[in-house]
Asks: 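Once you've had a glance at the structure underneath, I'll fire off some questions.
All of these numbers come straight from a predicted model, not from anything done at the bench.
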Amino acid sequence: MVLAAICVGCKKSGYGTHPIEKKYVVSTIAGDGSDAFADGPALSAKFHNPIDVAVTSDGVIYVADYNDHRIRKITNGQVYTLAGSDSTGVVNGDGGMARFNNPYRIAVDQAGNCYVLDQIDPRIRKITAAGYVTTYAGAASPGFLDGASLVAQFAVNAEGIAVDGAGNVYVGDTFNGRIREITPAAQVNTVAQFNYPGAVACDRQGNIYVVEEGNLRIRKIATNGVISTLAGNGTSGYVDGDGVTAEFDQMGDLVADSQGNLYLIDGFRIRKITPAGVVSTIAGSTEGYADGDGANAKFKFPGGLGVDAQDNIYVADVNNNRIRKISFE
């Protein structure tokens, strides 16, 4: 069992004088709940603590399967292994020849390339859509150093990774207290400093959002470099509301949809933050396993989030060994 990073809105539509309330609905799309490994039809496939997900523009879902040491792929109702095997290590190469220790965070670019953080290795790995693994940035020794990507250093156990529309990769380098940028020109730069930055997300305008775990806030880095607080007041709790009236407790992964809304793992709940900073809880309540509407749904250590082109949210439900989907119906 992995200790995951612990990490109801509605819309009116209809006609006449009788609007129909829509809800966020949670369903299971992959995994039978067994703590094991098996590829095959999605709902009978097996995962071993899946901890993060990322979704390509054409709907392919990639899963960082933490204790299987693999990156899994879900497409057309089937689960496949993209890269890695049951042997651990840091080995580049094709598909099953590659090795990971504990793949922990994953992001995908517009070309379908995956970028992976391994929890116990300070390097960022890249996997092509065909499954070929290389080292994208970072040296074998942890530390802090900007510069050429394969010379630069990152701390171990970085907790966030995201890719913007221009192909820049952003890393929440948690224990260095910094947000790092890896450019397509293979240079690593420091963007900003925070108090234990965790997850990062990018919107379509190029703004960067940071889960500042040490201050229990969502921070925004605008395209002009100005940093502000979008939501949270630093007090630990589960309080929905506007901006700094909202409270967070066990902040985890973060993603942005096409409208600039953010979705955050907070304990056993999934919370939504609008571009104006309004916070609501869209799914989850107490620990468990249940599909259904909003607060009736249950997760057991949700670890990571992804979002597809239709703004459906995907959740790596670590200790349920399943991949869950949140749709707006």
Asks: Out of curiosity, does Tyr136 fall in the hydrophobic cluster containing Leu117 (side-chain heavy atoms, cut-off under 4.5 Å, transitive links)?
Replies: yes
Asks: Can you tell me how far CG of Asn189 sits from CD1 of Ile179, rounded to the nearest 0.5 angstrom?
Replies: 13.5 Å
Asks: For Asn312 and Ser327, does a side-chain donor sit closer than 3.5 Å to a side-chain acceptor?
Replies: no
Asks: Treating Asp266 as the side-chain partner and Asp249 as the backbone partner, does any N or O pair qualify as donor plus acceptor under 3.5 Å?
Replies: yes
Asks: In the single-linkage hydrophobic clustering (I, L, V, M, F, W, Y; side-chain heavy atoms under 4.5 Å), do Val255 and Phe328 co-cluster?
Replies: yes
Asks: Would you sort out whether Ser85 and His69 count as a side-chain contact (heavy atoms from CB on, under 4.5 Å), showing the intermediate values?
Replies: CA-CA 6 Å; Ser85 74; His69 322 294; over 6 Å; no
Asks: Using side-chain heavy atoms (C-beta onward) and a distance below 4.5 Å, is Ser258 in contact with Arg204?
Replies: yes
Asks: How close do Pro50 and Asp65 get, counting heavy atoms only, and between which atoms?
Replies: N-OD1, 3.6 Å
Asks: Just how far is it from atom CG of Leu43 to atom OG1 of Thr28, taken to the nearest 0.5 Å?
Replies: 7.5 Å
Asks: Does a sphere of radius 6.0 Å around CG in Asp58 hold more than 12 heavy atoms from other residues, nucleotides or ligands, not counting ones at 6.0 Å or beyond?
Replies: yes
Asks: Are Leu262 and Leu230 side-chain neighbours, meaning at least one heavy-atom pair lies under 4.5 Å?
Replies: yes
Asks: So, Gln153 side chain and Ser141 main chain: donor-acceptor pair closer than 3.5 Å or not?
Replies: yes
Asks: Is there a chain of hydrophobic side chains (I, L, V, M, F, W, Y, each step under 4.5 Å between heavy atoms) that links Leu82 to Ile106?
Replies: yes
Asks: Just by distance, do the side chain of Asp203 and the backbone of Gln259 share a donor-acceptor pair under 3.5 Å?
Replies: no
Asks: Assess, by modelled atom type and distance only, whether the side chains of Thr135 and Asn92 contain a donor and an acceptor separated by less than 3.5 Å.
Replies: yes
Asks: For the side chain of Asp173 and the backbone of Phe154, is there at least one donor-acceptor N/O pair under 3.5 Å apart?
Replies: no
Asks: Would a hydrophobic clustering, with Ile, Leu, Val, Met, Phe, Trp and Tyr connected at side-chain separations under 4.5 Å, put Val211 with Val279?
Replies: yes
Asks: What is the minimum heavy-atom distance between Thr174 and Gly198, and which atoms define it?
Replies: OG1-CA, 4.1 Å
Asks: Does the side chain of Arg271 reach to within under 4.5 Å of the side chain of Asp240, using non-hydrogen atoms?
Replies: yes
Asks: Search all heavy atoms of Ala162 against all heavy atoms of Ala107 and return the closest pair with its distance.
Replies: CA-CB, 4.0 Å
Asks: Report yes or no: is the cationic atom of Arg178 (NZ for Lys, CZ for Arg) under 6.0 Å from the centre of the six-membered ring of Phe144, at an angle within 45° of the ring normal?
Replies: yes
Asks: Less than 4.5 Å apart, any side-chain heavy atom of Tyr115 and any of Ile182?
Replies: no
Asks: Set out, in order, the CA-CA distance, both residues' side-chain angles and the distance that settles side-chain hydrogen bond (donor to acceptor under 3.5 Å, both in side chains) for Ser27 and Asp291, then state yes or no.
Replies: CA-CA 5 Å; Ser27 59; Asp291 288 335; 5.9 Å; no
Asks: Could you tell me whether the side chain of Asn195 and the main chain of Glu212 form a donor-acceptor pair under 3.5 Å?
Replies: no
Asks: Is there a chain of hydrophobic side chains (I, L, V, M, F, W, Y, each step under 4.5 Å between heavy atoms) that links Tyr314 to Val26?
Replies: no
Asks: Mark yes when over 12 heavy atoms from residues, nucleotides or ligands other than Tyr196 sit less than 6.0 Å from its OH; otherwise mark no.
Replies: no
Asks: Taking Arg180's backbone N and O only, do any of them form a donor-acceptor pair with Thr190's side chain (distance below 3.5 Å, no angle check)?
Replies: no
Asks: Salt-bridge test for Lys46 and Asp32: reply yes if a basic N is under 4.0 Å from a carboxylate O, no otherwise.
Replies: yes
Asks: Using atom types as modelled and distance alone, determine if a side-chain donor or acceptor of Arg99 lies under 3.5 Å from a backbone N or O of Met97.
Replies: yes
Asks: To the closest 0.5 Å, what do you measure between CG (Asp308) and OG1 (Thr56)?
Replies: 9.5 Å
Asks: Got Arg70 and Phe47 here, is their nearest side-chain heavy-atom distance under 4.5 Å?
Replies: no
Asks: Considering only NZ, NE, NH1 and NH2 on the basic side and carboxylate oxygens on the acidic side, decide whether Arg72 and Asp68 come within less than 4.0 Å.
Replies: yes
Asks: Calculate, to the nearest 0.5 Å, the distance between atoms CD1 and OG1 belonging to Ile221 and Thr223 respectively.
Replies: 11.5 Å
Asks: For the side chain of Asp118 and the backbone of Asn101, is there at least one donor-acceptor N/O pair under 3.5 Å apart?
Replies: yes
Asks: Can you check whether Phe301 and Phe268 have ring centres sitting under 6.0 Å from each other?
Replies: yes
Asks: Restricting to non-hydrogen atoms, name the atom on Glu287 and the atom on Lys298 that form the minimum distance, rounded to 0.1 Å.
Replies: O-CD, 4.2 Å
Asks: Would you call Asn168 and Pro184 a side-chain contact if the rule is heavy atoms closer than 4.5 Å?
Replies: yes
Asks: Just say parallel, tilted or perpendicular for the rings of Tyr104 and Tyr66, cut-offs at 30° and 60°.
Replies: perpendicular
Asks: Just checking, any donor-acceptor pair under 3.5 angstrom between side chains of Asn319 and Asn49?
Replies: yes
Asks: Treating Arg105 as the side-chain partner and Ala64 as the backbone partner, does any N or O pair qualify as donor plus acceptor under 3.5 Å?
Replies: no
Asks: Would you name the heavy atoms of Tyr170 and Cys202 that are closest together and state the gap between them?
Replies: CD1-SG, 3.6 Å
Asks: How long is the gap from CD on Gln187 to CG on Asp146, to the nearest 0.5 Å?
Replies: 9.0 Å
Asks: What heavy-atom pair brings Val188 and Ser149 nearest, and what distance separates the two atoms?
Replies: CG2-CA, 3.8 Å
Asks: One pair to check against side-chain contact (heavy atoms from CB on, under 4.5 Å): Val315 and Arg322. What are the steps and the verdict?
Replies: CA-CA 8 Å; Val315 183; Arg322 293 174 167 102; over 6 Å; no
Asks: Does the side chain of Tyr24 come within less than 4.5 Å of Ile313's, by heavy atoms?
Replies: no
Asks: Under 3.5 Å, is there a donor-acceptor pair between the side chain of Asn67 and the main chain of His48?
Replies: no
Asks: Could you give me the CA-CA distance, side-chain angles and deciding distance for Val63 and Val79, then say whether side-chain contact (heavy atoms from CB on, under 4.5 Å) is met?
Replies: CA-CA 10 Å; Val63 179; Val79 175; over 6 Å; no
Asks: Before you tell me yes or no, could you show the steps for Tyr209 and Leu264 under side-chain contact (heavy atoms from CB on, under 4.5 Å), namely the whole-Å CA-CA distance, both residues' side-chain angles and the distance that decides it to 0.1 Å?
Replies: CA-CA 11 Å; Tyr209 299 89; Leu264 171 74; over 6 Å; no
Asks: Going by the side chain to side chain donor-acceptor pair (under 3.5 Å) test, name the single residue among Gln119, Arg123, Arg125 that passes it with Asp121.
Replies: Arg123
Asks: Once rounded to the nearest 0.5 Å, what's the spacing between atom NZ of Lys325 and atom CD1 of Ile61?
Replies: 7.5 Å
